[in-house]
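Okay, so here's the structure we're looking at.
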Amino acid sequence: MKTISVKILDPRMRDCLPAHATPGSAGVDLRASIDGPLTIAPGQTVLVPTGLAIHIQDPGYAAMILPRSGLGHKHGIVLGNLVGLIDSDYQGPLMVSAWNRSETPFVLEPLDRLAQMVIVPVLHVQFEEVDEFEATDRGTGGFGSTGKG
Ligand SMILES: O=c1ccn([C@H]2C[C@H](O)[C@@H](COP(=O)(O)OP(=O)(O)OP(=O)(O)O)O2)c(=O)[nH]1
Ligand SMILES: [Mg+2]
């Protein structure tokens, strides 16, 4: 288990720090640090604070913020940026861009679990210019080049 530094910006989060819900859960849920119910109108996107800041520190890791499947599928609450990418050197407040892509207003309650965060390994690379690539079976084929069925 890796340890990541967290600053608690909203004292209410002290009692519900992000944690893996089951031993096999990939993500940890992030909650809405809001003072009262927040209605997200159909089509509206709001930036919701999580009440936390993290510092991953190790450049070999990043965090990704992903939608919760229940909220996304049943209520159309997904992310305005589709996926949030948290840099290892970011120390600011962790924010969730919540987009209501449904046709029904959605009421977000204080401390509701709004999204989930997964820590992922990251490779740092450098690019080296070449004139030709080593041949592969695929070559330049893409965008459906292998067929549909
Ligand atoms: O859903 C998100 C996405 C990003 N961030 C924070 C952490 C991340 O490290 C920083 C920058 O994100 P990103 O690089 O995706 O945004 P940008 O538009 O490229 O901003 P910047 O120019 O600051 O890199 O914003 C969040 O809190 N939530
Ligand atoms: Mg950036």
Salt-bridge test for Arg31 and Asp10: reply yes if a basic N is under 4.0 Å from a carboxylate O, no otherwise. no

Quick check: closest heavy atoms across Val96 and Ala115, and the distance to 0.1 Å? CG1-CB, 4.0 Å

Could you measure the distance from the CD1 atom of Ile77 to the CG atom of Leu71? Nearest 0.5 Å is fine. 7.0 Å

Has the side chain of Asn100 got a donor or acceptor atom that lies under 3.5 Å from a matching backbone atom of Ser102? yes

Would you kindly confirm whether Val46 and Leu66 end up in one hydrophobic cluster when ILVMFWY residues are joined by side chain heavy atoms under 4.5 Å apart? no

Are Trp99 and Leu47 co-members of a hydrophobic cluster defined by side-chain heavy atoms under 4.5 Å apart? no

Ignoring hydrogens and geometry, is there a side-chain-to-backbone donor-acceptor pair from His75 to Phe106 under 3.5 Å? no

Minimum-distance pair of heavy atoms, taken over all atoms of Pro18 and Val28: CB-CG2, 3.6 Å

Out of curiosity, does Leu38 fall in the hydrophobic cluster containing Met13 (side-chain heavy atoms, cut-off under 4.5 Å, transitive links)? yes

So, taking the atom named CG in Leu114 and the one named OG in Ser33, what distance separates them when rounded to the nearest 0.5 Å? 11.0 Å

Is the backbone of Thr146 close enough, under 3.5 Å, to the side chain of Arg138 for a donor and an acceptor to pair up by distance? no

Side chains of Met117 and Ile54: closer than 4.5 Å at any heavy-atom pair? yes

Any chain of hydrophobic side-chain contacts (each under 4.5 Å) joining Leu17 to Ile119? yes

Please check if the side chain of Arg68 supplies one atom and the backbone of Leu30 the other of a donor-acceptor pair under 3.5 Å. no

With heavy-atom distances below 4.5 Å as the criterion, would you say the side chains of Asp58 and Ser88 are in contact? no

Euclidean distance, Arg101 CZ relative to Ile40 CD1, rounded to 0.5 Å: 13.0 Å

Same cluster (ILVMFWY, side-chain, under 4.5 Å), Val118 and Leu85: yes

Stepwise side-chain contact (heavy atoms from CB on, under 4.5 Å) test for Leu94 and Leu9: CA-CA 10 Å; Leu94 210 51; Leu9 309 177; over 6 Å; no

Ignoring hydrogens, what is the shortest heavy-atom contact between Pro37 and Pro110? Give both atom names and the distance. N-CD, 3.9 Å

Assess whether atom NE2 of His20 is packed by more than 12 heavy atoms of other residues, nucleotides or ligands within 6.0 Å. yes

Under 3.5 Å, is there a donor-acceptor pair between the side chain of His55 and the main chain of Gln91? no

Could you grab the distance from atom CD1 of Ile56 to atom OH of Tyr90, nearest 0.5 Å is fine? 11.0 Å

Quick one: pull up CZ in Arg113 and CG in Leu108 and give me the separation to the nearest 0.5 Å. 12.5 Å

Between the side chain of Gln116 and the main-chain N/O of Ile65, is any donor-acceptor distance below 3.5 Å? no

Flag side-chain contact, heavy atom, 4.5 Å: Ser97 against Thr45: yes

Nearest heavy-atom pair of Leu79 and Gly84: which atoms, and what distance? CD1-N, 4.3 Å

Distance (rounded to the nearest 0.5 Å) between Leu111 CG and Arg12 CZ: 4.5 Å

Does NZ in Lys74 sit with more than 12 non-hydrogen atoms of other residues, nucleotides or ligands closer than 6.0 Å? no

